[in-house]
Amino acid sequence: MVAITLPDGSVRRYDGAITGEKLAVDIGPGLAKAALAIKIGGVMKDLTLPINTDSTVAIVTKKDPDALELLRHDAAHVMAEAVQELFPKTQVTIGPSIENGFYYDFARSEPFSPDDLAKIEAKMREIVDRDEKIVREEWPRHEAIKYFKGIGEDYKAEIIQDLPESEPITVYKQGKWLDLCRGPHLPSTGKLGKAFKLMKLAGAYWRGDSKNAMLQRIYGTAWTDEKQLKDYLTMLEEAEKRDHRRLGKEMDLFHLQEEAQGAVFWHPKGWTVYRSLQMYMRKRLDAAGYVEVNTPMLVDRVLWERSGHWENYRQNMFIAESEERFLAVKPMNCPCHVQIYNQGIKSYRDLPLRMAEFGSCHRNEASGALHGLMRVRAFVQDDAHIFCTEDQIKSETKGFIDLLRTVYADLGFNDVRVLFSDRPPVRAGDDTIWDKAEGALRDATSAAGLETKLNSGDGAFYGPKLDFILRDAIGREWQCGTFQVDFVLPERLGAEYVGEDGAKHRPVMLHRAILGSMERFMGVLIENYAGKFPMWLAPLQVVVATITSDANAYAQDVAKTLQKAGLRVETDLRNEKINYKVREHSLAKVPIIAVVGMKEAEGRSVALRRLGGNSQEILALAEATDRLTVECAMPG
RNA sequence: GCCGACGUAGCUCAGGGGUAGAGCAACUGAUUCGUAAUCAGUAGGUCCGCGGUUCGAUUCCGCGCGUCGGCACCA
């Protein structure tokens, strides 16, 4: 007797083993048709798997959110079959489901062309129409290796060889085609449906290692129905519209050019936003008890040797030479901050010392890594180092987390995730120090009530760290803030303080940034707001636009009044219709258009039109000035 | 760095072995208008760079540079 418990709590009993397929038929013909897989004890399995022990199960249909993963994995298989039908000498390697879709990596001597994607997609639709049954088989390991080697699938043979002995070797057949796969899969290719689309071609290293061969990856997206597919494609279009590189050009914020790869030319408007952001940060840092410093960009190699950067990070440092001295352009500010700390004798009464710098750093990033503002070679960190005692780690960690949350909230980000990275394989400092550092950070985060996810082995070479990842308006994640506990650098660079006991002690250094890189954060802000900055950040806050040239003098008066109140204002006195002006400044994302015609001039008023709205508010000039001043005030 | 695609006016893009094209923007003139494009005209090019093939290359081929999409990297 096998007792099967269904999600509604009802129990069905069978004499022998039962498959999900039969179970679904038993429950009803509708379900039988819709069934894609079965969850046994919450684990997704094939519908054809015999169940011979008492189990709690659920039939999975496309309504189940987990069905998407199954569907996408099948899409990868169907694509692989299509590719091998069209391009017989291609080897298949791996093809998982991923967020929003799937990919498959192929090994083939000739590259796929973008035109091939359309052919492959058409072939995939044929395979779906064929509605081939998908059948699972378990093969003896040696036979499987022999088989895959025999048909020239060396990568598959390698995968099998590396699978643990305990793992059964399973093969899924769909029609004449088969693939090594752990499963589970849909019952037939027809169940995939046609809400998929091949998206792009890319290179990818075998097993993700740059020492290995480069394979050809084809990415696709797949959904349970056409509407979802269409929504996803629309979302991509929207994301493209808010791409910071595009908006940077459209809004005249900045540009990049090849003579300064990975470095930003900030235009007046972009720099206005940048400066506003920086002024805001200074205000927050002042309030949180930081002091600000500024340190050299070019520093002799000997300091980097002492700090450990020369050993651990030289490849990414720009080097300069002068009078037989080797200088490095600083990739980080920490060693310089320790130099300031080391001037004079520090007492425990000086701690914690919170030393901030908008530090201009250069890192020689791989050319292929560069990406607009998001990944640059020259950038400014909102960096700071907190020198403190071990006892102060907890309260300083908490203080930092509070500050970070405030800043993110002010900038419109409320969804923040935190990763805890522990010791990396290559590191400075011995294990006792690492035990201490990791322990201290762990204690501090739990004391601050911070939930973290472990990111094993990803710490900085001098200490464990927290990474703060925020989610933007369209759901994308950006790693911005960081917090690192460091017992190593103070030691290497000889930082000390005199304790209450009169003896010398080592301070702990907490490296921390909230925005991370100013450049990158600007990119994140542009994309998050789609260029429609909040008033206090907007490069231009008000345009005073005239209806007729008779109002020009008054418009200039209005502009001057608003400017005196500290607002960023321009006038538009051009001989154009008001429609034209409204359209142009709306497209330029100016938050307020103050329209003035003769009526306003005579009554000393303005007609305010807000970005995104289509109504006007007529206010006396003095009142408009007061209100706008309040609205444009920086938070904090 | 690796794989692939791309590089044409300020911008977005079309074109193609034989004098280089559009829209928007710019400039000039007319229009003085009440909340998302007034009309007319003018000007604008090393078709990324260097080589090669060709009577002739912006177009075809090779190399280089850059950009884009991924991969790897991101202390």
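Chain A is the first sequence line, chain B the second, and so forth, proteins listed ahead of strands; every chain is numbered from 1.
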Nucleotide paired to [N] in any strand shown, Watson-Crick or G-U, under 3.5 Å:
N	answer
B:rU28	B:rA40
B:rG23	B:rC11
B:rG62	B:rC50
B:rG1	B:rC71

Would you please classify the geometry between the A:Phe400 ring and the A:Phe468 ring as parallel, tilted or perpendicular, with 30° and 60° separating the classes?
->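 Geometry flag for A:Phe400 against A:Phe468: perpendicular rings.
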Measure the acute angle between the ring planes of A:Phe387 and A:His385, then classify it against the limits of 30° and 60° as parallel, tilted or perpendicular.
->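 Ring orientation of A:Phe387 relative to A:His385: tilted.
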Between [X] and [N], is there a side-chain N or O to OP1/OP2 distance below 4.0 Å?
X	N	result
A:Lys249	B:rU12	yes
A:Lys200	B:rG70	yes
A:Asn579	B:rA36	yes
A:Arg245	B:rG69	yes
A:Tyr580	B:rA25	yes
A:Gln261	B:rU67	yes

List the steps and the verdict of salt bridge (charged side-chain N to carboxylate O under 4.0 Å, His left out) for A:Lys241 and A:Glu238.
-> CA-CA 5 Å; A:Lys241 278 187 207 152; A:Glu238 289 304 314; 3.2 Å; yes
Applying the side-chain contact (heavy atoms from CB on, under 4.5 Å) test to A:Ile526, which of A:Lys532, A:Arg245, A:His244 qualifies?
->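 Only match with A:Ile526 under side-chain contact (heavy atoms from CB on, under 4.5 Å): A:His244.
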Across the strands shown, which category fits [X] at heavy-atom distances under 4.0 angstrom: base, sugar-phosphate, nothing?
X	result
A:Gly308	nothing
A:Met199	nothing
A:Leu587	base
A:Pro424	nothing
A:Ala607	base
A:Lys211	nothing
A:Ile578	sugar-phosphate
A:Thr548	base
A:Gln616	base
A:His371	sugar-phosphate
A:Tyr103	nothing
A:Arg217	sugar-phosphate

Would A:Tyr462 and A:His511 satisfy ring pair (Phe, Tyr, Trp, His ring centres under 6.0 Å), going step by step from the backbone distance to the final call?
-> CA-CA 10 Å; A:Tyr462 45 72; A:His511 306 239; 4.4 Å; yes
Just how far is it from atom CZ of A:Arg512 to atom CD1 of A:Ile514, taken to the nearest 0.5 Å?
->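 Between atom CZ of A:Arg512 and atom CD1 of A:Ile514 there are 4.5 Å.
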Rounded to the nearest 0.5 Å, how far does CZ of A:Phe318 lie from CG of A:Leu327?
->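 It comes to 15.0 Å.
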Tell me: [atom1] of [X] to [atom2] of [N], nearest whole Å?
X	N	atom1	atom2	result
A:Glu617	B:rU35	CD	C1'	14 Å
A:Leu117	B:rA5	CG	C1'	11 Å
A:Glu365	B:rA72	CD	C1'	13 Å
A:Leu370	B:rC68	CG	P	8 Å
A:Glu258	B:rG64	CD	C1'	11 Å
A:Glu576	B:rA40	CD	P	14 Å
A:Ile120	B:rG4	CD1	P	16 Å
A:Tyr104	B:rG70	OH	C1'	19 Å

Donor-acceptor pair under 3.5 Å, [X] side chain vs [N] base:
X	N	result
A:Glu600	B:rG34	yes
A:Arg609	B:rA36	yes
A:Arg375	B:rC73	yes
A:Tyr205	B:rG70	no

When the nearest nucleotide of RNA chain B is assigned to A:Asn614 and to A:Pro114 on a heavy-atom basis, which residue is associated with the more 5' position?
->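 In this pair, the answer is A:Pro114.
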If each of A:Met332 and A:Gly372 is mapped to the nucleotide of RNA chain B with the nearest heavy atom, which maps nearer the 5' terminus, i.e. the 5' end?
->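 Its nearest nucleotide lies further toward 5', so the answer is A:Gly372.
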Nearest-Å distance once atom C1' is located in both B:rA30 and B:rG44 =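 It works out to 23 Å between them.
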P atom, B:rA72 versus B:rG17: distance in rounded Å?
->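 Rounded to whole Å, the distance is 41 Å.
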Measure from the side-chain heavy atoms of [X] and tell me the nearest of [options].
X	options	result
A:Ser367	B:rA36, B:rC71, B:rG1	B:rG1
A:Ala202	B:rG69, B:rU35, B:rU38	B:rG69
A:Ala204	B:rA72, B:rA37, B:rC71	B:rC71
A:Ile547	B:rG66, B:rC3, B:rC33	B:rC33

Before giving the answer on side-chain hydrogen bond (donor to acceptor under 3.5 Å, both in side chains), spell out for A:Ser113 and A:Asp115 the whole-Å C-alpha distance, their side-chain angles and the decisive distance to 0.1 Å.
-> CA-CA 5 Å; A:Ser113 77; A:Asp115 294 340; 4.6 Å; no
Shortest non-hydrogen separation from A:Pro335 to A:Leu303 and the atoms involved =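 In terms of heavy atoms, the two residues are closest at CB-CD2, 4.0 Å.
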